[in-house]
Chemist: 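First the structure, which I've put down as structure tokens, then a few questions once you've had a look.
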Number of protein chains: 2
Amino acid sequence: MLKMAKKLDYRPNLAARYLSSKRTLHISINTLQGKTSFWDEVRAGIQEESRFLDLENVELEFRTYPHLGESEDAAFESAIKAGVDGILAFPSSPQNLKKFMRQTAAREIPLVFVATDAPGVAKLTVVSIDTKASGFLAADLMGRLLGKGRVAITMFDKKITEHAEKGEAFARTLKSYYPEMCVEDPIEDHDIESEAYEKTSRLIAAHPDLAGIYVTTEVSIPVIKAARDLGVLDRLVIVTTDLFPALAKEIKEGAVTATIYQRPRTQGRMAFRALYEYLVDGSFPRRRITLAPHLVMRGNADSFLQQDTSDLNEGEGEVAEFSGVAEP
Amino acid sequence: MLKMAKKLDYRPNLAARYLSSKRTLHISINTLQGKTSFWDEVRAGIQEESRFLDLENVELEFRTYPHLGESEDAAFESAIKAGVDGILAFPSSPQNLKKFMRQTAAREIPLVFVATDAPGVAKLTVVSIDTKASGFLAADLMGRLLGKGRVAITMFDKKITEHAEKGEAFARTLKSYYPEMCVEDPIEDHDIESEAYEKTSRLIAAHPDLAGIYVTTEVSIPVIKAARDLGVLDRLVIVTTDLFPALAKEIKEGAVTATIYQRPRTQGRMAFRALYEYLVDGSFPRRRITLAPHLVMRGNADSFLQQDTSDLNEGEGEVAEFSGVAEP
DNA sequence: ATGAAAGCGCTAACAT
DNA sequence: ATGTTAGCGCTTTCAT
């Protein structure tokens with residue numbers, strides 16, 4: 001009886017646990033090598049939060065692979081073999097991942113996904129951008145600026161949940177608020193530059209009245225180039241995704257109206273936080289952690305590009321001798 | 001010699017420190033009672049982060065005052081008398097605060113400001129929204145939608161740094177990107193509804209060609225009402241600040257084009273984090289912690305209003321005793 | 001003043 | 001298997 005009661009509201013003292021336990025948590029970070037800076041930022045966010053939260057008992061193991069596909073599998077296998085305590089990953093090919101599901105499940109290795117979900121795979125949580133808000137923002141912006149006309153959307157592949165969701169929110173918003181606008185079937189570029197260029201060119205040729213394009217993938221530059229080469233850039237409203245130097249240039253020059261920033265650093269931070277909490281506390285995060293996108297236009301493009309050091313500065317390693325709070 | 005070397009790369013083990021120390025940190029949260037939900041959200045963010053970070057050695061003391069002015073001073077005095085280890089505050093009247101500067105400085109009580117800076121007051125850091133990005137966003141949105149015309153801006157008072165900065169960014173953006181637009185002298189509403197209504201009405205009467213209004217304060221409803229009463233609401237582009245139910249309604253109905261959400265919860269979280277880290281680690285935060293504003297339009301208004309539980313889930317245990325200070 | 005010793009609440013290695 | 005004990009790195013108290 002008493003034991004029961006005691007057990008119910010018993011909370012282990014984490015400080016004591018850290019102190020006594022020699023064990024260090026090994027967390028594997030399986031992500032894609034940065035094509036643009038997106039993944040570098042995600043990793044930076046993870047490191048940041050790790051340093052902030054950690055009471056020096058966690059070790060990050062970065063398994064960064066250059067391409068989707070087998071090197072991704074290799075990273076997974078290697079992590080499992082190494083006996084890591086948790087995995088934080090970018091799931092690119094859900095089918096392959098299922099092979100590992102049993103293993104992670106059997107060994108009770110918690111899994112957190114960043115940026116994209118892998119439907120059907122058991123995981124602790126997924127951290128991603130709010131796709132509805134993204135699609136909506138792009139649509140309302142275009143709608144307000146154009147009022148009517150034909151617009152297009154590009155995505156990696158209709159099968160990527162996140163992209164499909166953005167597309168759906170985009171189309172739905174346009175339909176309900178701007179009935180005089182219509183959306184073409186999505187272009188699928190598979191993150192391949194030439195494919196994006198080709199398909200965009202063809203689309204523009206087929207629809208000389210095209211008024212806007214919403215690019216949900218990272219390959220926005222080829223889309224812009226196609227429009228420019230065909231001489232229609234000036235009359236297109238282009239809304240893109242993410243932010244990197246080449247794109248910032250186009251934004252500042254007015255070629256791109258706005259971009260929807262997916263806050264990679266914060267995604268990394270949140271993902272690590274969720275995994276760490278689970279490992280340390282046993283507490284479950286929400287099933288999905290969704291971030292509000294930031295709208296970037298020419299005025300604030302630069303402030304987003306420069307390292308958003310975000311929260312804390314370096315721990316100087318000094319004893320807390322409260323040395324007066326001076327303002328320099 | 002050896003001592004020196006040792007001291008230099010010595011890093012105290014925080015876990016051990018928490019464990020052994022009986023001391024609990026007392027942090028006073030001096031904020032304004034919520035007129036809208038802004039301050040409630042800030043406090044929620046503080047609580048959230050506190051529960052998340054805390055290894056049960058911190059105690060929050062909320063000193064919430066109904067009005068600016070003397071009750072604010074009282075809260076400050078009470079906190080200092082109580083011997084708190086740190087204060088997290090909304091500085092409404094910088095002049096008064098200076099009286100306490102000496103005291104906090106003398107007793108080495110670190111001070112963190114939220115939402116607004118108090119220039120000239122020594123503090124650990126200030127957490128606030130990115131005013132430039134806010135003003136810019138409002139301006140570029142209006143510029144893109146209107147192209148030309150006369151627009152106005154309302155603020156609490158020209159003397160509030162944050163408001164002045166927003167106004168400046170707004171005007172500067174308009175001037176450089178949309179030379180055919182012009183900005184009226186700012187309306188100062190001092191957060192008083194009747195004042196906002198009066199002055200807006202007068203402005204509209206004086207400038208029948210007014211095309212847009214950027215409201216940087218929380219009193220956007222009276223501005224909308226004035227425009228509606230004078231029958232010009234339909235042709236005005238209105239961009240507001242913050243978000244609360246009554247405003248969300250106006251956004252969804254199209255009266256307000258967009259609002260710039262200042263992320264009160266995140267402001268609270270960041271502020272607490274900075275103060276806590278300093279208290280525990282001795283590490284100094286950046287001088288200013290600036291958050292990117294969120295653009296809210298009719299499609300995503302609801303998702304912002306519903307409690308953004310943000311990061312973590314529940315921490316079940318309860319802290320022992322709260323001294324005579326009320327919880328929010 | 002300065003230094004030695006006793007815990008803080010756990011885990012891990014030991015003994016039964 | 002179960003119970004006991006040493007000790008993690010600090011702070012605090014107690015003795016010198």
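Below, each value reflects all heavy atoms present in this structure, side chains not excepted, and no hydrogens, waters or symmetry copies. Letters A, B, ... are given to chains in the order of the sequence lines, protein chains preceding strands, and every chain is numbered from 1.
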Chemist: Run the side-chain contact (heavy atoms from CB on, under 4.5 Å) test against R63(A) and tell me which residues pass, sequence neighbours left out.
Modeler: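 Applying side-chain contact (heavy atoms from CB on, under 4.5 Å) to R63(A) gives S28(A), N30(A), E61(A), A75(A), S78(A), A79(A), A82(A), V84(A).
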Chemist: Identify whether the distance between the nearest side-chain nitrogen and carboxylate oxygen of K81(A) and E77(A) falls below 4.0 Å.
Modeler: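 Between E77(A) and K81(A) there is a salt bridge, with a charged N closer than 4.0 Å to a carboxylate O.
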Chemist: My understanding is that only residues two or more places apart in sequence, or in another chain, count here; which of them pass side-chain hydrogen bond (donor to acceptor under 3.5 Å, both in side chains) with T125(A)?
Modeler: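 Not a single residue meets the side-chain hydrogen bond (donor to acceptor under 3.5 Å, both in side chains) criterion with T125(A).
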Chemist: Sequence neighbours excluded, which residues qualify as salt bridge (charged side-chain N to carboxylate O under 4.0 Å, His left out) partners of D85(A)?
Modeler: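 Counting only residues at least two positions away or on another chain, D85(A) forms a salt bridge (charged side-chain N to carboxylate O under 4.0 Å, His left out) with R23(A).
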Chemist: For the helix from dG3(C)-dC14(D) to dC14(C)-dG3(D), what is the angle between the axes at its two ends, each from 5 pairs, rounded to 10°?
Modeler: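 Here the local axes at opposite ends form an angle of 40°.
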Chemist: Among all residues two or more places apart in sequence or in another chain, which pass the side-chain hydrogen bond (donor to acceptor under 3.5 Å, both in side chains) test with T161(A)?
Modeler: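 Expected list: none.
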Chemist: Please identify each residue that fulfils side-chain hydrogen bond (donor to acceptor under 3.5 Å, both in side chains) with Y261(B), with sequence neighbours left out.
Modeler: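 Partners of Y261(B) under the side-chain hydrogen bond (donor to acceptor under 3.5 Å, both in side chains) test: none.
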Chemist: Using the test side-chain hydrogen bond (donor to acceptor under 3.5 Å, both in side chains), find all partners of E165(B) that sit at least two apart in sequence or belong to another chain.
Modeler: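 Only T131(B) meet the side-chain hydrogen bond (donor to acceptor under 3.5 Å, both in side chains) criterion with E165(B).
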Chemist: Tell me, please, which residues at least two apart from K123(A) pass salt bridge (charged side-chain N to carboxylate O under 4.0 Å, His left out).
Modeler: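 Per chain and number, K123(A) pairs via salt bridge (charged side-chain N to carboxylate O under 4.0 Å, His left out) with D117(A).
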Chemist: For N57(A) and dA12(C), give me the distance from atom CG to atom P, rounded to whole Å.
Modeler: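 Nearest whole value for this atom pair: 12 Å.
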Chemist: Produce the list of close N/O pairs, under 3.5 Å, pairing protein atoms with atoms of nucleotides 3-9 of chain C; give distances to one decimal.
Modeler:
| from | atom 1 | to | atom 2 | distance (Å) |
| --- | --- | --- | --- | --- |
| dC8(C) | O2 | S20(B) | N | 3.2 |
| dG9(C) | N2 | A16(A) | O | 3.3 |

Chemist: In whole Å, what is the span from the CG atom of L25(B) to the P atom of dT11(D)?
Modeler: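 Roughly 13 Å, once rounded to whole Å.
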